[in-house]
K.L.:
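The following block contains the structure, expressed as structure tokens.
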Amino acid sequence: MLQSSHVYPTTTPRKAAAMLNVDSLLASIQRGDTHALKALYEQFGQQVYSLAYAVTQDKGTAEEVTQDVFLKVWNKVEHYEPGTNFRAWLLSMTRNQAIDRLRREKKERTQAVVWDLERMPAPSQFADDNIRWVQRALSEHLTEDQREAIELAFLNGLTHEQVATTLGAPLGTIKTRIRDGLQKLRKAWREENPA
């Protein structure tokens, strides 16, 4: 059962309030509240659409993927674990749905494109210890902007251009966020794992 009173360590009060709001919305969705689904869509719909478009490169397909993703949230909300990164879970589902849609509807695309999409790393492919360290380091050492850009680039397999489109920021800004964020992560890793 989803809990709306979960405590989120190492988060700012604003981020914790947003997370609590998401957990509250998900709990309401689990009880069949369509207004909660609409509120969740208003909060995350543009990000889902942007990622779907970045993968499919087709507006109509991206709209259908977005609809499918929120339908899956409605039907499978119990698969989300409260306290985990809902945005990453949602975008991972979006990526998978977009790839599935490409397989079904874009058969004229070359197998090489599909193969490249399949090779994008998914969060579940990382070892548990490493993913826990990365999740902690992302929240402890990076700004929210740096964390979002790095999650999209490395956990969701987007190019810098796709990250810029998804976040609605200039490409140069995204490259700077990713570069600065990676430097902070490298420094944190060296401090915690001296040679």
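In this chain, residues are counted from 1 in sequence order.
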K.L.:
Between Q46 and S50, does any side-chain donor sit less than 3.5 Å from a side-chain acceptor?
P.N.:
yes
K.L.:
May I ask you to test the F44-L91 pair for a side-chain heavy-atom distance under 4.5 Å?
P.N.:
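Side chain of F44 against side chain of L91, heavy atoms only: no contact under 4.5 Å found.
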K.L.:
Show every salt bridge (charged side-chain N to carboxylate O under 4.0 Å, His left out) that has at least one partner inside residues 165-174, sequence neighbours left out.
P.N.:
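Salt bridge (charged side-chain N to carboxylate O under 4.0 Å, His left out) check on residues 165-174 returns no pairs.
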K.L.:
Closest approach of T66 and G45, non-hydrogen atoms and distance?
P.N.:
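That would be CG2-O, 4.1 Å.
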K.L.:
One pair to check against side-chain contact (heavy atoms from CB on, under 4.5 Å): Y41 and L37. What are the steps and the verdict?
P.N.:
CA-CA 6 Å; Y41 175 82; L37 182 64; 5.7 Å; no
K.L.:
Taking NZ, NE, NH1 and NH2 as the nitrogens, is one of them in E151 or R147 under 4.0 Å from a carboxylate oxygen of the other?
P.N.:
yes
K.L.:
Kindly give the heavy-atom pair with the smallest separation between H160 and I174, and that separation in Å.
P.N.:
O-CG2, 3.9 Å
K.L.:
I'd like to check D145 versus T173 (side-chain heavy atoms, cut-off strictly below 4.5 Å). Are they in contact?
P.N.:
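The answer is no; the side chains never approach within 4.5 Å.
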K.L.:
Applying the side chain to side chain contact (heavy atoms under 4.5 Å, CB included) test to L90, which of V48, L40, L51, N85 qualifies?
P.N.:
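Of V48, L40, L51, N85, side chain to side chain contact (heavy atoms under 4.5 Å, CB included) with L90 is met by V48 alone.
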K.L.:
Show the numbers, then the answer: is there a side-chain contact (heavy atoms from CB on, under 4.5 Å) between V73 and W89?
P.N.:
CA-CA 10 Å; V73 170; W89 179 77; 4.2 Å; yes
K.L.:
What is the distance from atom OG1 of T34 to atom CH2 of W74, rounded to the nearest 0.5 Å?
P.N.:
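Taking OG1 in T34 and CH2 in W74, the distance rounds to 5.5 Å.
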K.L.:
Would R95 and L152 count as a side-chain contact (heavy atoms from CB on, under 4.5 Å) if you check the C-alpha gap in whole Å, the side-chain angles of each, and the deciding distance to 0.1 Å?
P.N.:
CA-CA 10 Å; R95 172 191 163 272; L152 286 172; over 6 Å; no
K.L.:
Does anything in residues 165-175 pair up under salt bridge (charged side-chain N to carboxylate O under 4.0 Å, His left out), and if so which pairs, sequence neighbours excluded?
P.N.:
none
K.L.:
Would you say V77 and R31 make side-chain contact, with heavy atoms under 4.5 Å?
P.N.:
no
K.L.:
Considering all heavy atoms of both residues, which atom of H141 and which atom of K184 are nearest to each other, and what is their separation?
P.N.:
O-CD, 3.3 Å
K.L.:
Give the minimum heavy-atom separation between A52 and T94, together with the two atoms involved.
P.N.:
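Closest pair (atom of A52, atom of T94, distance): N-CG2, 4.0 Å.
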K.L.:
Working to the nearest 0.5 angstrom, can you tell me the gap between I29 CD1 and K38 NZ?
P.N.:
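Here the interatomic distance stands at 13.5 Å.
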K.L.:
With the side chain counted from C-beta on, respond yes when L142 and D180 share a heavy-atom pair under 4.5 Å apart, and no when they do not.
P.N.:
no
K.L.:
In Å, rounded to the nearest 0.5 Å, how long is the span from CZ of R101 to CG of D68?
P.N.:
4.5 Å
K.L.:
Is a donor on one side and an acceptor on the other found under 3.5 Å between the side chain of Q97 and the backbone of V69?
P.N.:
no
K.L.:
If I compare all heavy atoms of Q47 with all of T166, which pair ends up nearest, and what's the gap?
P.N.:
O-CG2, 4.1 Å
K.L.:
Using 30° and 60° as the class boundaries, would you call the ring planes of Y53 and Y49 parallel, tilted or perpendicular?
P.N.:
parallel
K.L.:
Does the T61 side chain pair with the main chain of Q57, one donor and one acceptor, at a distance under 3.5 Å?
P.N.:
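No, the answer is negative, given that no donor and acceptor are paired below the 3.5 Å cut-off.
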K.L.:
Can you tell if the side chain of V163 reaches within under 4.5 Å of the side chain of R177, non-hydrogen atoms only?
P.N.:
no
K.L.:
Taking all atoms of both residues into account, what is the closest heavy-atom pair of D33 and H35, and its distance?
P.N.:
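Heavy atoms only, the tightest pair is OD1-N, 2.8 Å.
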